[in-house]
Amino acid sequence: MNQRVFSLVSALLLVAPLAGTAQQPQLQRQMKPNELATNVAGVTTIAAPPAGFDALNASDQDLEYHGFPPKPDEVRAPKAFASWQKAMKASKNRVTPVLEVTKNFAGPAKLTAGGAAAPSTGTAANSYNWSGYVNTNGVTKYGSTSFYYIIGDYVVPIARQAYSKCDGTWDYSVTWVGIDGWGSGDVLQAGSEADAYCSGSSTSTYYSAWYEWYPNGWTRIPSLPIVPGDDLFVEVWSTSSTAGHAYLVNYNTNQYVTINFSAPSGTQLIGNSAEWVVERPGVNGGLATLANYISDYFSDAYAYNFGYSAVDPGSAGSFPVTMLDNSGNPISYPTALGVNAIWMQDEGTARY
């Protein structure tokens, strides 16, 4: 079944995107000769590289010109380099992004009372919308010690409503990697959504890759199709405090996309936190009910600062975050598997 084909009932009830509308400001810079506009104002992509281009052995300058993500240091961060190398090998079919702007938000962490300060490494924190791992570095202004980029490899989960629950509404979950959002008002991020609907005997699901720079809502990338079980590589990075980039690879199809976009007006990246998260997002002015995603596995979870120092969920400054429902009950939580992998689990029972 085509993922964008819904029953009439579910189509009316889904919070629909505003496709093709301007969201980000126009890029105030000269576009590169191989840079292409998309159907959303201010958002661009890069033309496919010439036949025979070898990303694995290309210079940093050539990688940047052709829209590939930064290359980790092979000596100082061999595991992060191996993950990047795997993603480059799988990047065989560059997709021209067709974008759909939404009014749904994957935003900063909404902390519980007394949870504003980052806990010590290994001490769990609580949030009403995030579950995952966060690394903080104490940076207060964008600069040489800010986080530069973050990568993650995860499997698209199956979306369901909570066990024994069928209430005629949509439940949402988003899985992503990002920079900022813990103790700051913006998030530069990319990932995917897995949503579930149920009414009587009618059920539907919806899956899409997306990117976002909060306080803008997320922008779907339907031209990069995904289904449950697909293995995604996701990376976001910045080249200034107002210039962001997203790169997503579907390992199951060898399709990939590269996107360049600007910060919302008045927003600048700080680079003070890096995170690997499953979230219940903001929909219709409030937090959505979390879709029962069952479980999700993150591997190759790394982040780099501009000094090319790597961190992961097991590094100093990292801590787990458990998601609570509106009544304060835990509904989604992470478990560390080694230093660079996370097992995300949904509590799954009826809630709210």
Side-chain angles (χ1 to χ4, degrees), residues 1-7 10-21 23-24 38-40 43 45 93-107 129 152-161 169-178 187-197 203-214 216-236 244 246-259 261 277-284 288-294 296 298 344:
M1 179 178 178
N2 188 296
Q3 294 180 53
R4 293 294 292 162
V5 178
F6 299 99
S7 67
S10 60
L12 291 172
L13 291 171
L14 179 64
V15 177
L18 300 177
T21 59
Q23 182 183 63
Q24 292 86 358
T38 69
N39 62 300
V40 174
V43 181
T45 189
N93 181 15
R94 181 168 293 187
V95 172
T96 300
V98 176
L99 307 175
E100 295 181 354
V101 177
T102 80
K103 293 184 178 180
N104 301 334
F105 300 92
N129 60 330
D153 183 340
Y154 67 87
V155 176
V156 177
I158 297 174
R160 302 177 177 88
Q161 290 208 338
T169 62
W170 280 88
D171 294 351
Y172 294 78
S173 67
V174 287
T175 306
W176 53 269
V177 302
V187 194
L188 172 64
Q189 56 199 150
S192 60
E193 63 180 297
D195 311 327
Y197 171 83
T203 61
S204 292
T205 54
Y206 179 71
Y207 303 90
S208 181
W210 55 261
Y211 72 90
E212 178 182 350
W213 199 331
Y214 184 90
N216 283 337
W218 73 69
T219 298
R220 291 168 175 155
I221 317 171
S223 53
L224 181 71
I226 61 171
V227 297
D230 280 351
D231 186 2
L232 296 185
F233 171 91
V234 182
E235 178 169 350
V236 294
Y247 188 93
L248 298 91
V249 182
N250 186 333
Y251 282 117
N252 293 66
T253 64
N254 291 326
Q255 293 177 302
Y256 71 107
V257 67
T258 185
I259 298 174
F261 50 103
V277 168
V278 170
E279 177 177 354
R280 61 171 174 137
V283 178
N284 289 336
T289 297
L290 180 68
N292 182 13
Y293 68 90
I294 310 296
D296 204 354
F298 270 95
M344 307 288 285

> Is there a donor-acceptor contact under 3.5 Å from the side chain of N39 to the main chain of L99?
Replying inline: yes

> Below 4.5 Å, heavy atoms only, C-beta onward: do V43 and I259 meet side chain to side chain?
Replying inline: yes

>> To check you understand the geometry: which heavy-atom pair defines the closest contact between L188 and G244, and what is its length?
In response: CD1-CA, 4.1 Å

> ring pair (Phe, Tyr, Trp, His ring centres under 6.0 Å) with Y247: which residues, sequence neighbours excluded?
Replying inline: Y256

> Any sub-3.5 Å donor-acceptor pair from D153's side-chain atoms to F233's backbone N or O?
Replying inline: no

>> Run the salt bridge (Lys or Arg N to Asp or Glu O under 4.0 Å) test against D296 and tell me which residues pass, sequence neighbours left out.
In response: none

> For the residue pair D230 and P225, what are the closest heavy atoms and their distance?
Replying inline: OD2-O, 4.3 Å

> Is N104 close to W210 at the side-chain level, that is, under 4.5 Å between some pair of heavy atoms?
Replying inline: no

> Closest heavy-atom contact between T38 and P97?
Replying inline: CG2-CG, 3.9 Å

>> Using 0.5 Å steps for rounding, measure from the OG atom of S204 to the CG atom of D195.
In response: 11.0 Å

> Is there a donor-acceptor contact under 3.5 Å from the side chain of S223 to the main chain of T96?
Replying inline: yes

>> Tell me every residue that passes side chain to side chain contact (heavy atoms under 4.5 Å, CB included) with T253, counting only those two or more places apart in sequence or in another chain.
In response: N250, Q255

> Have E193 and W218 got a donor and an acceptor in their side chains that come within less than 3.5 Å?
Replying inline: yes

>> Check whether Y207 reaches the backbone of A159 with its side chain - one donor and one acceptor, N or O, closer than 3.5 Å.
In response: yes

> Distance from Y293 atom OH to I158 atom CD1, nearest 0.5 Å?
Replying inline: 14.0 Å

> A194 and P157: which non-hydrogen atoms are nearest, and at how many Å?
Replying inline: CB-O, 4.0 Å

> Does the side chain of T169 reach to within under 4.5 Å of the side chain of Q161, using non-hydrogen atoms?
Replying inline: yes

> Who are the salt bridge (Lys or Arg N to Asp or Glu O under 4.0 Å) partners of E235, not counting sequence neighbours?
Replying inline: none

> When you look at V236 and W176, which way does the side chain to side chain contact (heavy atoms under 4.5 Å, CB included) test go after all the steps?
Replying inline: CA-CA 10 Å; V236 294; W176 53 269; over 6 Å; no

>> Quick check: do N216 and F261 have side-chain heavy atoms less than 4.5 Å from each other?
In response: no

> Between CH2 of W170 and OG1 of T205, what distance do you get to the nearest 0.5 Å?
Replying inline: 6.5 Å

> Among all residues two or more places apart in sequence or in another chain, which pass the side-chain hydrogen bond (donor to acceptor under 3.5 Å, both in side chains) test with S192?
Replying inline: Y154

>> Set out, in order, the CA-CA distance, both residues' side-chain angles and the distance that settles side chain to side chain contact (heavy atoms under 4.5 Å, CB included) for V156 and L232, then state yes or no.
In response: CA-CA 7 Å; V156 177; L232 296 185; 3.7 Å; yes

> Would you find a donor on one side and an acceptor on the other, under 3.5 Å apart, between the side chain of T175 and the backbone of V278?
Replying inline: no

> So, does E212 use its side chain to make a donor-acceptor pair with the main chain of G107 at under 3.5 Å?
Replying inline: no

>> What's the separation between atom CG in N93 and atom CG in N254, rounded to the nearest 0.5 Å?
In response: 8.5 Å

> Between N252 and D231, what is the shortest heavy-atom contact and its length?
Replying inline: OD1-N, 2.7 Å

> Which residues satisfy the side-chain hydrogen bond (donor to acceptor under 3.5 Å, both in side chains) test with N129, sequence neighbours excluded?
Replying inline: S127, E279

> What is the distance from atom OH of Y211 to atom OG1 of T258, rounded to the nearest 0.5 Å?
Replying inline: 11.5 Å

> Where is the tightest heavy-atom contact between A190 and V234, given as atom of each residue plus distance?
Replying inline: O-CG1, 3.4 Å

> Judged by atom type as modelled, is there a donor-acceptor pair below 3.5 Å linking the side chain of E100 to the main-chain atoms of P222?
Replying inline: no

